[in-house]
Amino acid sequence: MNFELTSDQKMLAQTVRQFTKSKSPVERFRKLREAGVPWERDVWAHMGELGWLSVPFPEDVGGFGAGFVEVAIIAEGLGKTLVPEPFIASVVLGGMALLGAGNAAQHEQWLSPMIDGTTSLALGYAERGSRYDVSAVATTASRDGGGWKISGEKIFIPNGHEAENIVVSARTPDGVGLFLVAADGPGVTRDKIKTIDGQGAGRLRLDGASIGDDRRLGDPGDGSIAILEHVLDYGAAAACAEGLGVCQATLDMTVAHLKERKQFDVPIGSFQVLQHRAVDMFVEVELMRSMSILASLAVHDDDPVARKRAISAAKVTLSTGGRAVTRESLQLHGGIGITDEHDSGLYFKRMLVLDTLFGDEVHHVERFASLPSFAEG
Amino acid sequence: MNFELTSDQKMLAQTVRQFTKSKSPVERFRKLREAGVPWERDVWAHMGELGWLSVPFPEDVGGFGAGFVEVAIIAEGLGKTLVPEPFIASVVLGGMALLGAGNAAQHEQWLSPMIDGTTSLALGYAERGSRYDVSAVATTASRDGGGWKISGEKIFIPNGHEAENIVVSARTPDGVGLFLVAADGPGVTRDKIKTIDGQGAGRLRLDGASIGDDRRLGDPGDGSIAILEHVLDYGAAAACAEGLGVCQATLDMTVAHLKERKQFDVPIGSFQVLQHRAVDMFVEVELMRSMSILASLAVHDDDPVARKRAISAAKVTLSTGGRAVTRESLQLHGGIGITDEHDSGLYFKRMLVLDTLFGDEVHHVERFASLPSFAEG
Amino acid sequence: MDLSFSPEDETFRQEVRDFIATALPEDLKAKADIDAPFPMEDTMRWHKILYAKGWVAPQWPKKAGGPGFSATKRFILTEELELAGTPPLSPFGLVMVGPAIMQFGTPEQQQRFLPQILNGEETWCQGYSEPEAGSDLASLRCKADEDGDDFIINGQKTWTTYAQYADWIFCLVRTDPSVKKQAGITFILIDMKTPGVDARPMLTIGGTPAFCDTFFDNVRVPKANVIGKVNAGWTVAKALLGHERTLLALVGNSRRTLRRIKHIAAETAVGDSTLLEHSEWRGKIARLEIELEALKMASLRVLAGAELGQAPGPESSILKLRGTEINQRLYELAMEVMGHDALSWYNDAGVVPDAEQGIAPNFCYTRANTIFGGSNEIQKNIIAKWILGLPASK
Amino acid sequence: MDLSFSPEDETFRQEVRDFIATALPEDLKAKADIDAPFPMEDTMRWHKILYAKGWVAPQWPKKAGGPGFSATKRFILTEELELAGTPPLSPFGLVMVGPAIMQFGTPEQQQRFLPQILNGEETWCQGYSEPEAGSDLASLRCKADEDGDDFIINGQKTWTTYAQYADWIFCLVRTDPSVKKQAGITFILIDMKTPGVDARPMLTIGGTPAFCDTFFDNVRVPKANVIGKVNAGWTVAKALLGHERTLLALVGNSRRTLRRIKHIAAETAVGDSTLLEHSEWRGKIARLEIELEALKMASLRVLAGAELGQAPGPESSILKLRGTEINQRLYELAMEVMGHDALSWYNDAGVVPDAEQGIAPNFCYTRANTIFGGSNEIQKNIIAKWILGLPASK
């Protein structure tokens, strides 16, 4: 048992810190949000140069071949300053789905340019009415000559408004299949949904969209559902890391405010009630950190029960801790926290998105309790 | 709308206060508990003389014909000093069951002497495995000549260890029926179960017990279940009142402790964290008071949905508020609160019993949510 | 004891419902149905409709132009308006400065200001908080220097809600810096059109421009605009805080939100059934409904006491505390119920169901409820001291 | 990073399990199975069995007679013992005064006391708190006056757990009343058989005689019994608090209680199924299991750090805080799950199922967890000051 980062991992964390400090402090996100710019291509390319977009992929597809700890390090660091580039959406969701379901030619054609930072990917799994169940797929795909016709709608796709290619699930006569849809393909309409965190998301409408068979990722069937479930677990583990960054930054900001802000002639951080509530926030952040570590180590577990158990526990901890920390932060900031110009609200809203994506608290409590590990002890 | 007590009701409250102060302060309960004495016959008779055991019954059976507000006034007052006489068990449970299901001759024979304070009653409805469902009756009653043979077990019967006669439910070929079992009757074994609050409860084993048909209360069938449900709602409403008394006393005791106890050279009540936690207790008590009023007014409602909605809401408020208040009280008392010699523990334990009897928090949340009133808005 | 409303009150409730059904303009009703925010012009349009009906100021006495309603009728009117989701009227004139002018103003001041508040020709905002004086109001610095018959005012007020639309502002200003904090403060009315007044709106996290920073740069205000005595503004401000505490419980708004949650839950599939039929979600909703029921009962107790002319008892102090928390938690629950739809932010119709449109901004904005109007921490300090009698905190 | 235990550690875990299975006497196992309280003689019987195995003091170094275990092995041993429900050993000798004697004691003191602690021939209790000095330990009054080579001790200690069975007590006493509170305190060992020592047991709300009030009436104690320097007892006491923080998280005990809850829930019918299959109850249990999982992970982080010889980081301070709360809430949930059976109190077998017998007394007694050993309020004060760096509270 060992929770030390390797020296390479420490260096990675340091690089992320330098990057966010010099290139993407929270003010950058605020400016992009006000300008209506989701994220910037050159920054994405820079992240590609730094190798960050390659970390979870094996070397034979141009990846770095690292474990998920590196993904978590990057996601946590980006969360601290709300970097808007689609690291989780493109690398962890779209990328890992393409890696898991696609073949070598597909990896070569679509994964490699994403790893370079030339393009970006996304994963569309949510539909109106599907809630968090990846097997509730109403979108259909039927054979059409040598290719496929796909019809249906996917909503709230992280980076779905910007990605060149989007992995979507669709029901075929042989079960659910995965397909890589080109955003500008025929029969494809995509638009941007404005989201609470200012990052936006995509909505994809497929109206008999023609998809070549070269864009079919693996064979339809239960295997696709298993891949989707695993990819969403990757997403959840990455969300735990980003959420930890969000909450650590929120805690730091709040403690600083308590030390600086004076009322009744003293710093408000000298009021015992506020002290204890800051301590409660601190406790939540430490538990989130512990569970983020667990998630990043367990997400590769060969035993799907052990994996799901750990990821669900971590995601529940993210939701409960993240809600407590970001909501309490607004209260402890007082009136200023309610203004859009203060950063605490930005973190509060980003946390809400991480809380919701990949299944909320109730969903993961139920998944946790329905695993055989629960009844067994 | 009016929440003022009438002058008669105010006088009743005053009489109860005088009684508890002079005749049954909490020290009396402590002494009886140590001596293993459940309660005292002469005190019970005195309560009969005061008319308290008659309040909810109509005048034609020797009752006072008052509403439930009077019952709540008495129960709240008795709760404040943990008076052990079986007011709820005998008057509200056994008495109201006998009143509702029995005929005039039965009222004359068994209700009147209870109202006098000569005897006491009880109601046995819980069985092993029935949890809080009064229709889950495994005890059976079958015709036996002109009478009945009853077999089964009733557990945790408030005052079941002392009552002369106990109303029990039993399944007959025509549905569930109610019978008045004599504690010393043939085939009847009853013993005392020690309970956490020190008041004890009865366990009744019926092994082909012979019960005369004159002890059958009404006709078996759905009506008996409806009566039982209503009687348990009376019980729950009375528990809300007693629990309010318990929690008000707990709050008062805790606030007094915070003012008296010094640490770090100041009263601990000057620490802001403890102040706010005392305020949280105060808020809970005020909400419990509001809901106890609602319960005592709604328990007679002709519309069973409205009645059940109000009683379940009040009982949930009792459980959540009562747990919060009595548990926080121990914490705020510090070490002394963990000793058996301090009164806070006695209130803490009594509250647990009131929390459990007549259905706990989950039970009443579910009942509340399953009523048509819930889905309707 | 009696929980029921009188037949007369029930008739009045029906009258209110009928009135709303006919008098609320279609476009406002459409906004209410999706919980959309009402801009100031909508609010003032509704203000004038209620004024025409004579119901705009239910808590004002007849002689000041109010309807002379009983406490119960006031409660019913408020509750029905909240349940219907009509635009909440701006409280600064009707609930705050109006009653203060009635209690402390001169006859001239009453005549000058009250009719205009009532008919909605003049709207008001509040200038209490300053960047360095939030919970600790008594440390305010915005100063008023005497100059003949005028005061010259310099300083800054913050959280001046809707100051950008207001005709007048009532302010607490420091008129004597030499005395103890709460002494030396004056309550004064300032015309927002006076040269040197500058209200700069800022967005809230709910995405609406509800607040302003308001700056005063050598603003000349006649001494005749002082309410009460110079240096006795604290007395006026304290009296003003006591008005209509039951309003702060937000019972009507919360009941409306609860109803909306059930509506959304009933429309949201999970597995083979809906969220409203699912034990865990039912339990969450039911628990909040029960808490709201307890809060409503507590409000009714305060109301019944007011009807008998009693001063509000200890139970009244919990209304703001618990009412704002329940309201926040309802919006939190609504967000959870909505799933992915909770992420939608001011999108065009059709992206999420209409019933969900307004939830997210309100979810954000309700965070203010536990901060403004005396933060809940300050409320607890007050209860600890004045009701529980605990010693001053160290 | 690596979450797995080494093969060697896993082997050790199996060895511990096998040992417990054979070495735990049948009657103690029967008590463990029903969560019954262990009287002192049971505890000491088990102490001696563990001593014979060499495992009684896993945290003691080899030179003091310990097994020289790694932090991980200590954790595994503790967890398995707690999971099996073996009698919890008295911590006063093994975890508290023993290590203090190792760190601050003279060679003579070490030789005199350590072997007897280890073999269980002498049992210990703690004399810190006084009626007027609970959370505020530094204000203690129990005084020690010099008299030649002795101190004469007068005063009272309270919450002296199991003092009625103890051979020795370690006390903080005031040796200099003239100096600042924390100065002037001395750490001293007192033989309970000395004339003038009187330990009076009192019941806890859990129904067991766990505490005593202990009185000292002109008790003569040799100065040779002082640990560390006279008037420097605070240093000894502080060092002692830092030992084995992971123990305070109660992870093993909580996991055992969780398992028991599931067992009871699986045996409890509700409607057509069991509580364990019922969505609302599953959710309650699962949420606590998840919190416990997070606490366990936090404990493992502290442990892994200790293995690397690092000082405990900020994460260690949350263990007692959250661990005691979770433990309380587990017992609360167990009581809820039990329904009416929760009301049973020390009845004979058969009144309630065996698995439920010990729950209610433990439910009561766990209330002490958040009070003793530095109340959770004090813990939060410490974190606020030393970790978050917040200014001294006003």
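Lettering follows sequence order; numbering is per chain, from 1. Nothing here was measured: the structure is a model prediction, and the numbers come from that model.
The parts of Val365(B) that come within reach of chain C are both its backbone and its side chain, each placing non-hydrogen atoms under 4.5 angstrom from that chain. Residue contact with chain C, scored on non-hydrogen atoms closer than 4.5 Å, involves the backbone and the side chain of Phe3(B) alike. Contact of Val255(B) with chain C is made through backbone and side chain together, with heavy-atom distances under 4.5 Å. The parts of Ser370(B) that come within reach of chain C are both its backbone and its side chain, each placing non-hydrogen atoms under 4.5 angstrom from that chain. Neither the backbone nor the side chain of Glu277(C) comes within less than 4.5 Å of any heavy atom of chain B. Proximity to chain B (any heavy atom under 4.5 Å) is shown, for Ile261(C), by neither the backbone nor the side chain.
When all heavy atoms of Ile290(C) and Ala313(B) are compared, the closest pair comes out as CG2-O, 3.4 Å. Residues Arg282(C) and Ala369(B) approach most closely at NH2-O, 2.8 Å, considering heavy atoms. Of all the heavy atoms in Pro391(C) and Lys259(B), the pair that sits closest is CD-CG, 4.4 Å.
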Between Glu286(B) and Arg322(C), does the side-chain contact (heavy atoms from CB on, under 4.5 Å) criterion hold? Intermediate values first, please. CA-CA 11 Å; Glu286(B) 282 306 317; Arg322(C) 197 50 78 104; over 6 Å; no
Between Asp2(C) and Leu297(B), is the side-chain contact (heavy atoms from CB on, under 4.5 Å) condition met? List the steps. CA-CA 7 Å; Asp2(C) 179 10; Leu297(B) 294 175; over 6 Å; no
Start with the C-alpha distance between Arg287(C) and Phe368(B), add both sets of side-chain angles, then the distance that settles side-chain contact (heavy atoms from CB on, under 4.5 Å), and finish with yes or no. CA-CA 9 Å; Arg287(C) 284 181 173 87; Phe368(B) 183 91; over 6 Å; no
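To the nearest 0.5 angstrom, Ser296(B) atom OG is 9.5 Å from Leu3(C) atom CG. Summarising the geometry, atom OG belonging to Ser4(C) is positioned 9.5 Å from atom CG belonging to Asn2(B); distances are rounded to the nearest 0.5 Å. The distance from the OG atom of Ser373(B) to the CD atom of Glu289(C) is 7.0 Å, given to the nearest 0.5 Å. Once rounded to the nearest 0.5 Å, the distance linking CZ of Phe282(B) with CD1 of Ile387(C) reads 4.5 Å. For the atom pair OG1 of Thr317(B) and CD of Glu291(C), the computed distance is 8.0 Å after rounding to the nearest 0.5 Å. Taking CD of Glu293(C) as the reference point, atom CG of Leu294(B) lies at 6.0 Å (rounded to 0.5 Å).
Shown are Ile383(C), Ile382(C), Leu390(C); of these, the side-chain contact (heavy atoms from CB on, under 4.5 Å) with Val279(B) is made only by Ile383(C).
Using a 4.5 Å heavy-atom threshold, the side chains of Gln275(B) and Lys380(C) count as separate.
Within 6.0 Å of CZ on Phe64(B) lie no more than 12 heavy atoms contributed by other residues, nucleotides or ligands. Crowding of Gln14(C) atom CD: a count of heavy atoms from other residues, nucleotides or ligands under 6.0 Å exceeding 12. For Asp303(B), the CG atom sits in a packed shell: over 12 heavy atoms of surrounding residues, nucleotides or ligands are nearer than 6.0 Å.
Annotation: maximal heavy-atom pairing with chain C below 4.5 Å, among Val285(B), Val69(B), Asp280(B), Thr320(B), occurs at Asp280(B). Looking only at heavy-atom pairs under 4.5 Å with chain B, the residue among Ala384(C), Gly389(C), Ala304(C), Ala294(C) that has the most is Ala294(C). Heavy-atom pairs under 4.5 Å with chain C peak, among Glu361(B), Met288(B), Gln9(B), at Glu361(B).
Under 4.0 Å is where a charged nitrogen must lie from a carboxylate oxygen, and between Arg259(C) and Glu376(B) no such pair does.
Side-chain polar atoms of Asn381(C) and Gln272(B) form a donor-acceptor pair below 3.5 angstrom.
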